[in-house]
Amino acid sequence: MSTTYSVTRDQIISSALRKLGVLELGATPDTDTVNNGAQVLNLMIKQWMTDGIKLWTIVEDVLPLVANKNSYTIGPSGDLVTDKPLRLIQAFLRNIQVTPNVDTPMQIFSKEQYNVLGSKNSTGTPNSVFLDPNTTYSTAYIYLTPDSNVATNYQMHLVVQKPIEDILTATSVPNFPVEWMQALTWGLADQLALEYGLPVNHRQEIMTRAESYKSKLEDWDVENSSTYFTPDTRMRMSR
């Protein structure tokens, strides 16, 4: 018995082409058709990364601290070599010199909140962090600037959303849970429908199905625990 059924990049492309009625059952698309389908599929996935947080892309990065250093580059090169984080969800400081380790939550700042801070070079125990995403890397700015004691005894942990992996080879399995494979197939069919000149009513049916599958998964792919909101009084202006 198995629960891990999945499909490869080229299987998704072939299935999408069959839904468009441009590939017969059992036939194999030519190289140019596959390359075009792969390009459209990867571009679609890049755009999907902006449609809310995908739970399986949330990871925890551990950022080693350096004394008197308050900005850290995270990406393919820099202070922490890993995939560029797209969004910061949670941050905490971990004291690694005690057993068990003790974690202290950190405040996540917006760019505006970080910009209006006082002396950003003041040293001490960091309590806040701002993540600035760029094209190929992100920069984490922390406040206060860690002193030598903090750099030696603490780690900063960042819970972040990472990019979805590119699908570069014929046998690559998309970096999605298996329940997303149907949505990927119909989404690709929807993206290709105009290129193949399908009639409007056929394109409309494909688009409706694609949107339905994706919407159902986005409604399901959420945290199960409750979310609570409290007023932020830090920026409140006096009258």
Side-chain angles (χ1 to χ4, degrees), residues 2-59 75-76 82-89 133-136 138 159-224 227:
S2 173
T3 59
T4 58
Y5 179 82
S6 62
V7 291
T8 65
R9 184 200 72 179
D10 282 12
Q11 287 175 325
I12 290 174
I13 293 171
S14 294
S15 181
L17 293 172
R18 289 194 298 270
K19 288 170 173 52
L20 297 174
V22 298
L23 185 70
E24 294 182 359
L25 185 64
T28 301
D30 59 48
T31 301
D32 288 341
T33 300
V34 170
N35 289 340
N36 181 63
Q39 180 188 59
V40 174
L41 179 62
N42 277 289
L43 289 174
M44 181 186 75
I45 289 172
K46 294 299 183 187
Q47 190 274 322
W48 279 15
M49 291 193 303
T50 67
D51 296 338
I53 294 177
K54 307 296 185 289
L55 292 183
W56 70 94
T57 66
I58 299 174
V59 301
T82 181
D83 292 331
K84 179 193 80 170
L86 303 177
R87 187 178 302 177
L88 179 59
I89 301 169
N134 292 281
T135 306
T136 58
S138 293
V159 180
V160 297
Q161 179 188 1
K162 290 294 185 74
I164 297 172
E165 297 173 4
D166 301 329
I167 313 174
L168 301 178
T169 66
T171 57
S172 294
V173 175
N175 178 216
F176 281 78
V178 293
E179 58 268 16
W180 278 80
M181 299 303 168
Q182 183 85 297
L184 284 171
T185 301
W186 281 97
L188 179 59
D190 180 38
Q191 294 293 317
L192 292 172
L194 192 60
E195 293 188 26
Y196 285 96
L198 266 65
V200 173
N201 60 335
H202 194 177
R203 293 205 310 267
Q204 182 64 43
E205 180 180 356
I206 290 174
M207 182 181 69
T208 300
R209 285 177 175 265
E211 291 178 347
S212 174
Y213 285 126
K214 184 167 178 282
S215 176
K216 288 177 181 178
L217 284 166
E218 288 179 336
D219 290 342
W220 176 82
D221 184 42
V222 295
E223 290 278 8
N224 291 323
T227 301

Asp51 side chain near Lys214 side chain, heavy-atom distance below 4.5 Å: yes
Of all heavy-atom pairs linking Ala189 and Leu20, the shortest is O-CD2, 3.4 Å
What is the distance from atom OG of Ser172 to atom CG of Asp10, rounded to the nearest 0.5 Å? 9.0 Å
Side-chain (Lys84) to main-chain (Asn134) donor-acceptor, under 3.5 angstrom: yes
Rounded to the nearest 0.5 Å, how far apart are CD1 of Ile167 and CG of Leu41? 4.5 Å
Any donor-acceptor N/O pair, Ser212 side chain to Thr208 backbone, under 3.5 Å: no
Looking only at heavy atoms, the pair that brings Leu86 and Pro133 closest together is O-CG, 3.8 Å
Is any side-chain heavy atom of Leu184 closer than 4.5 Å to a side-chain heavy atom of Met44? yes
Polar side-chain atom of Ser15 near backbone of Gln11 as donor-acceptor pair, under 3.5 Å: no
Assess whether a salt bridge exists between Asp166 and Lys46, defined as any Lys/Arg side-chain N lying under 4.0 Å from an Asp/Glu carboxylate O. yes
Measure the spacing between NZ of Lys19 and OG of Ser14 and express it to the nearest 0.5 Å. 10.5 Å
Please report the shortest heavy-atom distance between Leu23 and Arg18, naming the atom on each side. O-CG, 3.4 Å
Is the shortest heavy-atom distance from the side chain of Lys162 to the side chain of Pro85 under 4.5 Å? yes
When you look at Tyr196 and Leu17, which way does the side-chain contact (heavy atoms from CB on, under 4.5 Å) test go after all the steps? CA-CA 9 Å; Tyr196 285 96; Leu17 293 172; 3.7 Å; yes
From Asp190 CG over to Ile206 CD1, what is the distance, rounded to the nearest 0.5 angstrom? 7.5 Å
So, do Met181 and Val173 sit near enough that their side-chain heavy atoms are less than 4.5 Å apart? yes
So CZ of Phe176 and CD of Gln182: to nearest 0.5 Å the spacing works out to 14.0 Å
How far does CE of Met207 sit from CG of Leu198, to the nearest 0.5 angstrom? 13.0 Å
Indicate yes or no for a side-chain donor-acceptor contact from Trp180 to the backbone of Asn175 under 3.5 Å, with no hydrogens or angles considered. no
What are the two closest non-hydrogen atoms of Val160 and Leu88, and how far apart are they? CG1-CD1, 3.8 Å
Evaluate the criterion side-chain contact (heavy atoms from CB on, under 4.5 Å) for residue pair Thr57 and Met49; output intermediate values, then yes/no. CA-CA 10 Å; Thr57 66; Met49 291 193 303; over 6 Å; no
Start with the C-alpha distance between Trp48 and Ile164, add both sets of side-chain angles, then the distance that settles side-chain contact (heavy atoms from CB on, under 4.5 Å), and finish with yes or no. CA-CA 9 Å; Trp48 279 15; Ile164 297 172; 5.6 Å; no
Arg9 vs Leu168, test: side-chain contact (heavy atoms from CB on, under 4.5 Å). Steps then yes/no. CA-CA 8 Å; Arg9 184 200 72 179; Leu168 301 178; 5.7 Å; no
Are the side chain of Asn42 and the backbone of Ala38 linked by a donor-acceptor contact shorter than 3.5 Å? yes
Other residues, nucleotides, ligands: >12 heavy atoms within 6.0 Å of Glu165 CD: no
Side chains of Gln191 and Leu43: does their closest heavy-atom pair fall under 4.5 Å? no
